Amino acid sequence: MANKKSNSSEWKSTACILCTLNCGVKVQLNVEGTEIVRTKGDDDHPASRGYLCNKASRLNYYQNREDRLLSPMKRNAEGGYDPIDWDTAIEEIASRLGGIRDEHGGDKIFYYGGGGQGNHLPGAYAGSTLASLGVQYRSNALAQEKTGEFWVANRMAGGYNHADFEHAEVVMFVGKNPWQSHGFHRARAELREMAKDPDRTLIVLDPKRTQTADLADIHLPVKVGRDAWILAGMVAVIIQENLQDDTWLAEHTTGIDAVVEVFKNVDIEDCAEKSGIDEVIIRSTARTIAKAKSVAVFEDLGTQMNRHSTLVSYLQRLTWMLNGNFAKPGAAYTPNGLGKIGDGREAGKSPVAGGRIIAGIVPANTIPDEVLADHPDHYRGMIIESANPVHSLPDSPKWRQAMRALECSVVIDIAMTETARQADYVLPATTQFEKAEATFFNFEFPENYFHMRAPLFTPPEGVLDEAEIHARIAQALGTLPEDIIYTLNNALAQGGRDAFRELVFAKLSENPDIGKVAPVLLYRTLGKTLPKGMQNAAALWAPCHQHAMTNRKSVEAAGITGDGLMLGDNLFDAIIAGPSAVVISKEEWSDVWQRVPRESINLDLPDMLEAAGKLNSEAPQETTEEFPFLLSAGERRDFTANTIFRNPAWRRKDANGAMYINPDDAARLNLGDGSSARITSEGGVVDTIVEVNDRMQRGHISIPNGLGLDYPDEQGQLKVTGSSPNELTSSYLADEFVGTPWHKSVPVRVEAIG
Ligand code: SF4
């Protein structure tokens, strides 16, 4: 891989693309300009401020790889793939998907993905293809993680909440180990700060004694999948001991009476028994939260991919909302970003399984069923972009079957993934470092940021930006308005950006339908006028105008000025010119209330209260003789990063992604470090290497995410490393409200193998 002796001395700005934070990174390339050879934190990045975790130093394993796709591929009759030229690929895809649209309707074509971490612009450009085909149903990874939280947050406070962990007196992590999964900037540095400050309290609710739990003042090792009981117990303590802030609740909320009505009757002793946490500790922890000046809570996949996940999102919110921990320093807020990620509005049901559509995305679990069903509305075509659902969604065997049942499937990606290997067409895209690219996961406050990264590398022959791919598909489908492109390009050439802006808004008011293909229109017009390599950034122009129009005060406070519509252009230009992240809004804490409907938080969610009220009469999940363990499938570790790295050499340790098991369980099963074990669930079987780990509870095992991928070995033969978690998961084990899967409590058995 990288030759550290021959690097260029120039430090270029970019970002790490391995988690939602996209920390600012400075890199040095080799003298040929083909490899990243040195990496350091970007001190000028206003959010990450020079911070990096261990993973960023491995970015070259993403960029330089043996499995890179360099030509469009088409499945042949033998099940293999033949390279084809771009014109043929686009023409055939447009014809076959257009045929499904014309014969059965565009709603029979499904779209999955739209961008990995830090690769969000393809999702914007895909909008043009979806509009051209009349696609109505889509999904992405958020549908197996966050939709329950989005839905609850929207109904309570009008949108997704993040929190000011840096300044909170009490911080609680629910099913989250930020040491590994981060979730807020400078996570490890902030955790150390919290741990050593005697005036702050760090609470961790997690069955495992994680690295974050090591730093905690209070670790609550709840039984696997029973978080709802401990949180319901805490809310009940606050209500029954009258610890809530009645004045704040009267001024800022509605629905407290309904909450009191349910929680005055919750049996705290029963919650303690079922959750496995002593009642005295539940009471003292609830009092600590209730009496704190500020509380910040972060829930994550440990509960969001577990039983009662949506209910847990509601209960954890009650623990801090009952004492006014919103819209003040050290508490929760609704961010003011460029994208609408986290908008948890409910919008209908999926056509076959009837799954609740939240934030525009259908539950991920039932997608294969919606393909395979003998139903007039089943999906017949699919486009999958920058995603690997055959590997990353539940029930990989059923996904493979569904992919083969589609009348036409198209994968857009940089490598031949497990999903690509089931598709009819595979279109090779540029990497995140070969084009202008960005993340819309911008959740900071009171200053929020946006980072448009310039490309580091020239793309190889044969690949295209997703923007170009979608522009060509729209063109082939006849939906790209060539006359308008010509007029807009003329306006740019003769009158510059002012003339362009006026014309775009005039055309949009004449014919709002143009807006549906706006991303590729902007790419083919404005994009060509942007600095070299930045054409792909053009789609950001529209969100910049939208943000400027609705948030003039906060944009101006961020230092961007401009009369009328000029403000949107100036914001766009500032982002394009910024070598690092740029401040796009600056607000006061009181401004947060502008994003809360009627400036009042709604506490009364009848379905959640009903579910909470039934907890005392509900029996928690127990293991069985056949499946005596509960598996956390997809644990975040030092060397896991979804499937973005396929070369196993990127891992400095835990090369095979070992199964962690408690020492007592290991001894009983005759397992030791490095021995082999077989994990069996009702969905499938995987073999794994064992690591005995005293951080695990008895009866609880874990395997990491991002393993079970193949990669060419030195002889060019594909070799699989580690176990793929979704060979074990079942799609029907999912949340009753939004269908998020229960990956963190999969019933399994474990056996030693030779
Ligand atoms: S926290 Fe680590 S993995 Fe996440 S973006 Fe920063 S350096 Fe990358």
Side-chain angles (χ1 to χ4, degrees), residues 161 163-165 167-179 191 194-245 259-260 262-300 302-303 306 308 311-326 330-332 612 615-616 620 695 697:
N161 321 117
D164 181 14
F165 298 97
H167 301 105
E169 180 184 316
V170 169
V171 173
M172 180 163 73
F173 296 114
V174 178
K176 179 167 185 65
N177 175 16
W179 191 266
L191 288 171
M194 288 172 204
K196 72 181 183 202
D197 189 336
D199 297 327
R200 303 178 73 190
T201 304
L202 175 56
I203 304 168
V204 171
L205 178 50
D206 199 313
K208 184 181 172 185
R209 184 168 47 80
T210 61
Q211 295 95 332
T212 309
D214 284 342
L215 295 168
D217 300 285
I218 303 170
H219 175 210
L220 304 168
V222 62
K223 288 184 181 175
V224 178
R226 302 193 186 184
D227 310 76
W229 280 277
I230 185 170
L231 288 164
M234 285 189 201
V235 176
V237 170
I238 295 170
I239 295 293
Q240 292 174 23
E241 296 187 9
N242 206 19
L243 300 175
Q244 71 275 13
D245 183 341
V259 173
V260 171
V262 169
F263 284 93
K264 72 180 185 191
N265 296 316
V266 165
D267 180 345
I268 300 165
E269 189 183 345
D270 176 74
C271 291
E273 193 180 322
K274 286 174 179 166
S275 66
I277 303 297
D278 194 280
E279 183 182 344
V280 172
I281 295 172
I282 293 179
R283 286 186 182 275
S284 63
T285 306
R287 289 174 197 138
T288 299
I289 292 170
K291 290 174 182 166
K293 287 195 195 74
S294 58
V295 180
V297 176
F298 201 138
E299 63 164 269
D300 212 343
T303 54
N306 217 328
H308 295 300
L311 176 59
V312 164
S313 296
Y314 176 65
L315 294 172
Q316 66 90 345
R317 277 173 166 72
L318 288 182
T319 64
W320 48 268
M321 281 181 174
L322 291 176
N323 282 285
N325 290 292
F326 187 79
L615 282 170
N616 287 140
R695 292 173 176 275
Q697 291 188 11

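Here, residue 1 is the first one in the sequence, and each next residue gets the next number. The structure presented is a predicted model; accordingly, all values stated were derived computationally and were not measured.
No side-chain donor-acceptor contact under 3.5 Å links Gln316 to the backbone of Val297. Listed for the Asn325 side chain is a donor-acceptor partner under 3.5 Å among the backbone atoms of Trp320. Panel note: side chain Asn161, backbone Ala332; no donor-acceptor pair is recorded below 3.5 Å. Checking side-chain atoms of Gln240 against main-chain N and O of Val266 turns up a donor-acceptor pair under 3.5 Å. In this structure a side-chain-to-backbone donor-acceptor pair under 3.5 Å is present from Glu169 to Lys293. Distance alone, capped at 3.5 Å, is enough to place a donor-acceptor pair between the Asn616 side chain and the Asp267 backbone. The closest donor-acceptor contact from the side chain of Asp164 to the backbone of Ala331 lies at 3.5 Å or more, if one exists at all. Under the 3.5 Å distance criterion, the side-chain polar atoms of Asn323 are matched with a main-chain donor or acceptor of Asp245.
Counting only heavy atoms from C-beta outward, the side chains of His308 and Asp227 never approach each other to under 4.5 Å. For the pair Ile203 and Asp217, the minimum side-chain heavy-atom distance is 4.5 Å or more. No side-chain heavy atom of Glu299 sits less than 4.5 Å from a side-chain heavy atom of Leu231. Put simply, the side chain of Leu315 reaches to within 4.5 Å of the side chain of Phe263, judged on heavy atoms. Taking the side chain as every heavy atom from C-beta outward, Ile277 and Met234 never approach each other to under 4.5 Å.
Residue pairs meeting the salt bridge (Lys or Arg N to Asp or Glu O under 4.0 Å) criterion with at least one member in residues 230-241, sequence neighbours excluded, are Glu241-Arg283, Glu241-Arg287.
Annotation: salt bridge (charged side-chain N to carboxylate O under 4.0 Å, His left out) contacts of Lys223 (sequence neighbours excluded): none. Qualifying side chain to side chain contact (heavy atoms under 4.5 Å, CB included) partners for Gln244, counting only residues two or more places apart in sequence or in other chains: Ile238, Ile239, Asn242, Asp246, Leu249, Leu322. By the side chain to side chain contact (heavy atoms under 4.5 Å, CB included) test, Ala213 pairs with Val204, Arg209, Thr210, His219, sequence neighbours left out. Residues passing the ring pair (Phe, Tyr, Trp, His ring centres under 6.0 Å) test with Phe326 are Trp593, sequence neighbours excluded. Shown here are the side chain to side chain contact (heavy atoms under 4.5 Å, CB included) partners of Lys274, two or more places apart in sequence or in another chain: Trp229, Asp270, Pro620.
Taken to the nearest 0.5 Å, the OG atom of Ser284 stands 10.0 Å off from the CD1 atom of Ile289. Taking CD1 of Ile218 as the start and CD1 of Ile281 as the end, the distance is 8.5 Å to the nearest 0.5 Å. In this structure, the separation between CG on Asp206 and OG1 on Thr303 is 9.5 Å, given to the nearest 0.5 Å. For the atom pair CD1 of Ile282 and CD1 of Ile268, the computed distance is 8.0 Å after rounding to the nearest 0.5 Å. Here Phe165 contributes atom CZ and Leu191 contributes atom CG; the two are 10.0 Å apart, rounded to the nearest 0.5 Å. In this structure, CG in Leu205 is found 12.0 Å from CZ in Phe173, a value given to the nearest 0.5 Å.
Closest approach of Ala168 to Val295, counting heavy atoms only: CB-C, 4.4 Å. What you find for Ala296 and Ala163 is that their closest heavy atoms are CB-CB, 3.6 Å. Of all heavy-atom pairs spanning Ala290 and Leu243, the tightest one is CB-CB, 3.8 Å.
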For the pair Leu311 and Leu615, evaluate side-chain contact (heavy atoms from CB on, under 4.5 Å) and give the outcome as yes or no after the intermediate values. CA-CA 10 Å; Leu311 176 59; Leu615 282 170; 4.0 Å; yes
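Gln697 CD: more than 12 foreign heavy atoms inside a 6.0 Å radius.
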